[in-house]
Every structure is written in structure tokens, then in C-alpha cells.
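Each remark here refers to the structure printed beneath this line.
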Protein chains: 4
Amino acid sequence: MFQIDPKQPMPLYEQIIQQVKEMYAKGLLKPNEKLPSVRELASHMVINPNTVSKAYQELERQGIIATIRGRGTFIVKQDIKPAPPTDITRLKDTLKQVVINCYYAGYFKNDLIEWLEDIYTEMEEKADED
Amino acid sequence: MFQIDPKQPMPLYEQIIQQVKEMYAKGLLKPNEKLPSVRELASHMVINPNTVSKAYQELERQGIIATIRGRGTFIVKQDIKPAPPTDITRLKDTLKQVVINCYYAGYFKNDLIEWLEDIYTEMEEKADED
Amino acid sequence: MFQIDPKQPMPLYEQIIQQVKEMYAKGLLKPNEKLPSVRELASHMVINPNTVSKAYQELERQGIIATIRGRGTFIVKQDIKPAPPTDITRLKDTLKQVVINCYYAGYFKNDLIEWLEDIYTEMEEKADED
Amino acid sequence: MFQIDPKQPMPLYEQIIQQVKEMYAKGLLKPNEKLPSVRELASHMVINPNTVSKAYQELERQGIIATIRGRGTFIVKQDIKPAPPTDITRLKDTLKQVVINCYYAGYFKNDLIEWLEDIYTEMEEKADED
DNA sequence: GTGGTCTAGACCACA
DNA sequence: GTGGTCTAGACCACT
């Protein structure tokens, strides 16, 4: 279900967060769907339960999921709210960094737009499969 | 000249690296141009010389700059070499994360393409000013 | 385990790098084996942790070891990839310098070949002990 | 005549030393032959005279050259004296490092022996040309 | 516990 | 003047 790699620079708990968000964006996780429990996921991924717990807490803080005591953790229906300008600036900055590093790798505007198309196509395909 | 912000999550030395790469990509730094000395830049930025030194060493490792002993550090002419596939995968992954986080912020394909256009326009403008 | 000598002209951190590479080449360090922690090695060698850290970071950059966050650093399985021509030229140059300095010390081709034999014999012996 | 590269890690003055020693070993410089003056060589190489001076001083210390006041600097006839054991250990260590770094570059005993043959062949050829 | 970052300040080699 | 190395000691993020 989830794929994480401890050797990657991104923290494990953040890899989990990204995966959940990605799966929701792709439609692989629907609102009200139940997520695996912390212990279940941790043992399945062979990582520390605290790490999974931290990911879930952060996801809950972001309003992506909600835990109901004694029942489990569930995906929450997202109402897209306009993000604070700080976040948008951060996103643009990250994008700019990608652009610059692509420059040094020999990839330019058209390549990046193509990559974007690919990513969105992949997301929609997954969504249609359901 | 350089602008860094200690409050940002990105390490100071990496902010410097990004700035140098950005300035070169924009044409604000030309090959063979001398960079400020480690001490100079450090005192100007009010940070520790070691931090600047670390940034310069990493830039040298990436082949962006070269140090000539006792003389200083200089921008190196870039021959754009095809990046290893690992790096390209990393770049694509970073882009995918931006896409997903944009999804939650209510920005989609067209917005991102527009942002890309803006970034490239900004880069070319700077390059033309010389 | 490791032996370093602060009196030698080679920087401490590079001595560590060489030792790790030597031990791996000799088979004394196996893939996936854990290296001592930065603090552990530093206190054992009576040097500053930063120095060990620098050595480990450079080894990671060279793909010899990998760090897993919060877990430690581990030897990585080496896939011997053809080195860039620049590196080979550097190796040949270093070898040439050895030859020249041997000339002045009164040692010539046969002596050097004998030394090479000795070095390779030593490496294989260690490898067989496992 | 001499070729030096300020971007290489070896100090300029040591590059000069190595070149002189190499040329003597190859027979391109004969005993009693006059070397260019410090200022001459410095202006020809576009480097600081102090750097050339330092190289010459070190060469003189090693007994490779001798300066006669008012006359110039001359190559000294080498009587090969047995090197102190410390130096031999250092040479062997350097050789071992080359071996280890060759290991990671995918070159092994036979390759190194071949390289050695090449270097000695090159030296003898030059010597015969005179 | 692990490694990563940063500071302050020292000393050295090189040009 | 330049950058490189090393120390001592602090703080942080991650597991």
C-alpha cells in the first residue's frame, strides 16, 4: 500500500504524509475511508509506531484525516480552502528551485511542462479506474 | 547581493548554494567572475564563515565554482552534462509533491504552468539586462 | 578499529575516509554493516565529532556509506561503476609522482611492482580471514 | 616548458618541484644545466615570483638544484642515496592509497602494473631522444 | 539514541 | 589576502 524508503532525505513521517495526500488527490482514498491503524501500518512497514503516529497527527492537524476514538482513523472530505499566501509563496519557491536544478540538468520550460502534463495525466487515470 | 533568511527551514548554507545557482542561471553571474571571499560574504550576511565555506565547497563539488588557492573562488563555465537518472527522478518527485500540495491549496495544472511561465520570464528578463 | 595520526599531513577526516575505504576493499567491512556512530568514533579517537561527521558525509557523497536518519550509518553495496576519465587521469598522475619520488629514493620499476604485489597480497589475506 | 594548473589541488610550488624532478628523471634536464631565473619563470607562468622562489628553495633543500650567486640556478648531479625509512613508508602508503582508489574505480593489479610499464616506457623514450 | 546545522574562535598553508 | 582544518559546544530534527 505505502512505499517508503528510509535512505531518502525526506523524513519517514513526511513520506507517509505525502503518500496519503497523493493517494487522496488521485482518488485512491475516498472520504470516510478507513486508514490502517498506527500499529498495523508500523508493523507492516517495519518502522517505529511513533513515526506513523507523528504522520497521522500532522495529517489530522492539516485536516486531511480525523481519528475517532475507539473506531479508527478516517479520511475527511476536503473542502478546498484558499491557502494562506505564505504557503503559496513557499510552493512557488519550491517550484523555482526545481526550475533552477533542472537548468543544471539540461531540462527547460517545455520539459517541465511535459512533466506536469504527465503527472496530471497519471492522477486522472488513477481516478478513473475506480 | 545575497539574501538569506535564518527562519526558513532550508539550511543557511543551502540557501547560499541555491542563490548562487539561481544567479548564474539568470545570467547575473558570468563564468570566471569572482565570488566574494568567504570572510567577506560571512561578515556581510552576519553569519559564520564556516557556513559560507560549506556552501562554497558544495558548489565546487557540483562543478559550479572553482577555488584557486590564495586567490579566491570563481564561477566556472558550465557545460551542461546530462544528469544521472537518479537526479531526474528526484526532480520529478519534487515536482509531483508541489503538484499535490498545490491540489490542497486549490491550484491546478493551468496555475502551475502559469507560475512556470512567470519564473522563466523572470529569468530571461534578468539575462537580457546585461 | 581505526588508526589516525594527527601529525601526518593528510587531514584527519581524510585519514578516516581512506581507512573506511581500505577496510571495505580488504573485506573487513561488509555491505549493510553498521559503522560506529559519529560520537562513538569521535570519543574513541579523541577527536571532535564534527571531524568524524565530515568524513562520513564525504563517504556518503562517494556512495560508500549511507545514513539512515535516527538509525546510524551503514556500508553500502558497491556497484563498481566506471570512473570518470578525470579521476583516472588523477590516479595515473599520482602514480607517476610516486614513480618519480621513488626514482630519487633509489627504487625502480621492479621494486614498485613488488610493492604492489605486497599490497594486493595483504588485501587478499584479510579478505580470506572472514 | 613547465605546465602548471592553479585549479589543481596540488600547490603551485609543488607542481613546479614535481615538474623539475620529472624532467630530470626523464633526462630532459641534465646535470649542470641552467634553470630559468625566478623572475623569468614567474613572468612566463604568470604567477607570483614568491611561488617560484619557494619551489627553488625546496628543490635546493632536497639537493636537486643549487644556486650560485650571480650566476643562476643549476641542476645538481644526483648521487642516489638510500632514502630514510620514513620516506619509504610514506611512498608505500601513497601507493596503497592509489591501489584503494583504483579498486573503487574498477582498476586492479594488472591495470596498475600496466600503468607502471607505461610510465617507465615514457621516461625511457624521452631519455633516448637526447 | 542518531546525524545535521551553526557559531565562535583558533591555527595553518598558499599566493 | 585567500580558503582549509579542527575544536568546543550549542541546538535541532528524526527514530
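In what follows, chains carry the letters A, B, and so on, assigned in the order in which the sequence lines appear, proteins first and then strands, with residues in each chain numbered from 1.
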Is any side-chain N of the basic residue among C/Glu33 and C/Lys30 closer than 4.0 Å to the acidic one's carboxylate O?
no

Under a 4.0 Å N-O cut-off, is there an ion pair linking D/Lys54 with D/Glu58?
no

May I ask you to evaluate whether [X] reaches the phosphate of [N], defined as a side-chain N or O under 4.0 Å from OP1 or OP2?
X	N	result
A/Lys54	F/dT15	no
B/Thr51	E/dC6	no
C/Ser53	E/dG3	no
B/Gln57	F/dG3	no

Of the listed E/dG9, E/dC6, E/dG4, the closest approach to the B/Asn50 side chain comes from E/dG9

Nearest to side-chain heavy atoms of D/Pro11, which nucleotide of E/dC6, E/dC14, E/dG3
E/dC14

Hey, what do you get for CD (D/Gln18) to CE (D/Met10), rounding to the nearest 0.5 Å?
5.5 Å

Please determine whether the number of non-hydrogen atoms from other residues, nucleotides or ligands lying under 6.0 Å from atom [atom1] of [X] exceeds 12.
X	atom1	answer
C/Arg69	CZ	yes
A/Arg39	CZ	no
D/Asp5	CG	yes

Indicate yes or no: at least one non-hydrogen side-chain atom of C/Ile4 is less than 4.5 angstrom from one of C/Ile16.
yes

Taking atom [atom2] of [N] as reference, at what distance in whole Å does atom [atom1] of [X] sit?
X	N	atom1	atom2	answer
D/Glu58	E/dA13	CD	C1'	14 Å
D/Ile17	E/dA13	CD1	C1'	14 Å
B/Arg69	E/dA13	CZ	P	12 Å
B/Ile65	F/dT2	CD1	P	15 Å
C/Arg71	F/dC14	CZ	P	17 Å
B/Gln8	E/dT5	CD	C1'	16 Å
B/Glu40	F/dG3	CD	C1'	13 Å
B/Glu14	E/dG4	CD	C1'	12 Å

Heavy-atom nearest nucleotide on DNA chain E taken for B/Val46 and for D/Tyr13; more 5' hit belongs to B/Val46

Can you work out whether C/Gly70 or B/Pro36 has the more 5'-proximal nearest nucleotide on DNA chain F?
B/Pro36

Identify whether any heavy atom of [X] sits under 4.0 Å from a base atom; if not, whether one sits that close to sugar-phosphate; answer base, sugar-phosphate or nothing.
X	answer
C/Asn48	base
D/Leu12	sugar-phosphate
C/Ile47	sugar-phosphate

For C/Tyr103, does the six-membered ring have the charged nitrogen or CZ of D/Lys21 within the cation-pi criterion, i.e. under 6.0 angstrom from the centroid and within 45° of the normal?
no

Watson-Crick and G-U pairing of DNA chain F written in dot-bracket, each distance under 3.5 angstrom, with | for inter-strand partners:
||||||||||||||.

